[in-house]
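The model shown is predicted, which means the values in this text are computed figures rather than measured ones.
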Amino acid sequence: MIVNTMADPKFPVASGAEPGMLESYEERDSFHLDLERYLIEARALKYWIAAIIALALVAGLVVTLLSTELYRANARIEITQVAANVTDIDPIESDIRVSELQYLNTQYELLESRFMAVRVAEAGNLLRDEEFLDAVGLGGTDRISQTSLEDLLLRQISIEPITQSSLVDVGFSSSSARVSSRITNLWTQEYIAANYEKRFGANIEARDFLSSQINELRERLSVSEQELVDYANANEILVLDGVDSTAGSDTAARTLVATNLTKLNEALAEATADRISAQAGLASGGHAGLGPRSQLHSAQVLAEAELAKLEANFGPDYPPVIEKRAEVLSLQNSISSDARAVLQAATIRENDLKTQLDRAKSRFIGQQDQGIQYGILKREVETNRQLYDALLQRYKELEASGAGQNNIKLIDMAGVPEEPYAPSPIRNTFIALLLGLVIAAGLVYIRVLLSQTLRDPQDVQRILGIPALGLIPKIRTDDIAGEILSRSSELSEAYKSLRTNLAFLTPQGAPRALMLTSSVPAEGKSISSAALAASFAQLGKRTLLIDADLRNSKLADTLGVIGHGKGGLAALLTNEAAIESEAIGLEDFGFDYVPIGHKPPNPVELLAGSRLKQLIEEARGLYDQIIVDGAPMLSLADAIELSRAVDGVIYAIESDRVKVRAIESSLDRLRRTGAQVYGALITKVDENNAAYGYGYGYGYGYGYGYGSADEAEDTDQKT
């Protein structure tokens, strides 16, 4: 039943209703209405939904029973970033500095790469492993390609990183618990080995190469050193250690002869200095030659001091003075004799050193040419030694670098699982249930999406642009007249609400002359015309119901009017008879009724004339309310001609039957002729319809419980 629009503005009753009222409702309840429509559609399809869910559960059970039991073995490894290089040389292959997350993601991809599948297949010789082939379902296959085997390994392996850690679980599943454990451990071992080879494989190759180069250089160094020693021995070249000289031409300066020559030259210079000093002393009385610290010189100085003192005190002829003078003279003679001896010794020493120096020079000059060849041999020895030391040092450093630990470690080996992990009855049941719900939801969604009929009162305003004036429930009874006459029936209450809504269409109340039409026959148009006329009559209004469906009227059967013997509307349209002469008073319903009479051969021509409008005007003077039951729109012009003679049209729409496009086309034809379409009347609404749950139930409860429909209509009549 329709909602009382005074109590609830969710259904605007006329095209002139305030737009803000409708917009606010649509913004507030559009989601709620859509959700309710889906729920109602689901209720309509409840048996289909139940069947789909049941089939899904049965399918899940069958799959569980027919599935092969699978065992999964898991091993755990730890992956840490590569540590910094501890040697003082650049590594053979530098590690790329990347973030920890990027590094771990790279390792995860490597763990499940085809590269690992190839290594594992080759390491385990899986193409010829019958136990493995039986466990993965390839037993008995004549030819198995390497690629298909690798694809199977990649499908069965699982890599599961543990969140917020460097640990990774590696698992392999098959129908054999022992095979799953063996392949999982083989996979982790090959991954760890591959990572070790990647990190240190280049260093190992470099060490092998350097080892061969070191052996070759060691042999070359030994030969060059032997040649140097043999040449030095043959030429009596003795090189002293600790002499800093790097030039090859200075090799002779580093030999023993050169060292002796240097020492002799220094000694000769010293001897020459001594001789010169002795000559100077002899020339000066011998004092300089003896030096200031000689005993004779000291004694002479003392004696001369005493002599001077005695001469000063006693005179030159004093005997002690004469003795002291003789003593001084003796000391002077001794000093002079010693100075000559010193000069002679210095001269002899100088001459000897000159002779030795000349001989050393001769030997040094002779070694100059030999030193050139010796330097060449020496440089070759030093070059070979430097190369040897450099390669040996690099070899040791590579050996230290290559001996580092692997940054990937095995934490837990995969044991043999005791129970299968699949199939899981609980998981399969849940998946089947979820799949069934998804299919059922999809069915409901497609049903709503593909629906092109009107099932929602909001669609009337939103799609057609006219208000929904009333919702009429679907009545499952053959006594339609009894339902109309019963004031407490659902049908009667629904039309009371429609009558109330019509009272608000104009400031003067309900339009006096209304026509009901529909898109196709059997949409409840005729029943609605009769029920609406009866509802107006219940208010004490003089009501006239005109049956204007001249082609295929069912209104007489609905009202039980048979064999009345009058010409009806057809006769009124063809002569000038008064309308009272053809009206039949129906006491049970409380209104007058004009039947169609005999079906005319040309209904459109009759309705298109001016006589119809004259009849309506004549009826206005006799009746308070005129209801015209018009013909369906179809492709006919009957309803269009009828609309010209009345105040407006109420368009009856059977819920969830007629396509929206057909309704829009009919309304467009009416509007083009200038007809006033007040709104739509949705008929045959049931519990599976969105309009029923949302509008009918609420409106019926309101009107039935409080009788507001009659009160509002009475108020309108008084005004």
Side-chain angles (χ1 to χ4, degrees), residues 12-17 451-470 472 498 502 505-506 511-529 532 546-555 569 573 596 599-613 615-616 626-684:
V13 298
S15 57
S451 176
Q452 298 180 8
T453 59
L454 292 177
R455 297 176 60 88
D456 194 318
Q458 286 299 308
D459 292 340
V460 176
Q461 178 67 42
R462 179 173 56 85
I463 299 176
L464 302 179
I466 58 176
L469 298 176
I472 308 304
L498 171 61
L502 294 177
L505 287 178
T506 67
R512 295 188 63 187
L514 291 172
M515 182 190 74
L516 275 71
T517 185
S518 62
S519 300
V520 295
E523 289 193 70
K525 167 184 60 64
S526 297
I527 295 176
S528 296
S529 299
L532 185 59
I546 301 175
D547 188 355
D549 188 357
L550 301 179
R551 297 180 183 270
N552 187 23
S553 175
K554 301 294 183 181
L555 187 55
L569 180 62
L573 293 175
I596 62 170
K599 293 182 181 180
N602 54 344
V604 177
E605 286 78 358
L606 292 178
L607 296 174
S610 60
R611 178 58 178 161
L612 176 63
K613 192 169 185 180
L615 291 175
I616 298 297
I626 304 168
I627 305 297
V628 179
D629 180 21
M633 291 294 296
L634 296 175
S635 58
L636 306 176
D638 298 20
I640 295 177
E641 297 299 336
L642 285 169
S643 67
R644 302 176 188 273
V646 296
D647 296 334
V649 178
I650 298 176
Y651 201 92
I653 302 173
E654 182 178 346
S655 175
D656 197 21
R657 178 189 175 189
V658 183
K659 301 298 183 182
V660 173
R661 183 174 298 179
I663 301 174
E664 289 178 330
S665 176
S666 299
L667 290 174
D668 187 57
R669 291 174 60 200
L670 284 172
R671 291 191 181 101
R672 286 202 303 266
T673 62
Q676 174 68 48
V677 180
Y678 286 116
L681 176 65
I682 302 176
T683 63
K684 301 182 182 180

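Atom CG of D668 is separated from atom CE of M633 by 9.5 Å, given to the nearest 0.5 angstrom. Of the inter-residue distances, the one linking N602 atom CG with L550 atom CG reads 9.5 Å to the nearest 0.5 angstrom. Here the CD1-CD1 distance, from I653 to I663, works out to 4.0 Å after rounding to the nearest 0.5 Å. In this structure, the separation between CD on E641 and CG on L636 is 11.5 Å, given to the nearest 0.5 Å.
The backbone N or O of E523 sits less than 3.5 Å from a side-chain atom of T683, completing a donor-acceptor pair.
Checked against side-chain contact (heavy atoms from CB on, under 4.5 Å), T673 has the following partners two or more places apart in sequence or in another chain: I640, S643, R644, A675.
Here the closest heavy-atom approach between residue A631 and residue D549 is recorded as CB-OD1, 3.5 Å. Between A513 and V646, the closest heavy-atom pair is O-CB, 3.6 Å. Nearest heavy-atom pair across L607 and A548 is CD1-O, 4.5 Å. Between T517 and A639 the shortest heavy-atom distance is OG1-CB, 3.7 Å. Closest approach of S666 and S519 over heavy atoms only: OG-OG, 4.1 Å. In this structure, I616 and I626 approach most closely via the heavy-atom pair O-CD1, 3.8 Å.
A salt bridge links K525 and D629; the closest N-O separation between the charged side-chain nitrogens and carboxylate oxygens is under 4.0 Å.
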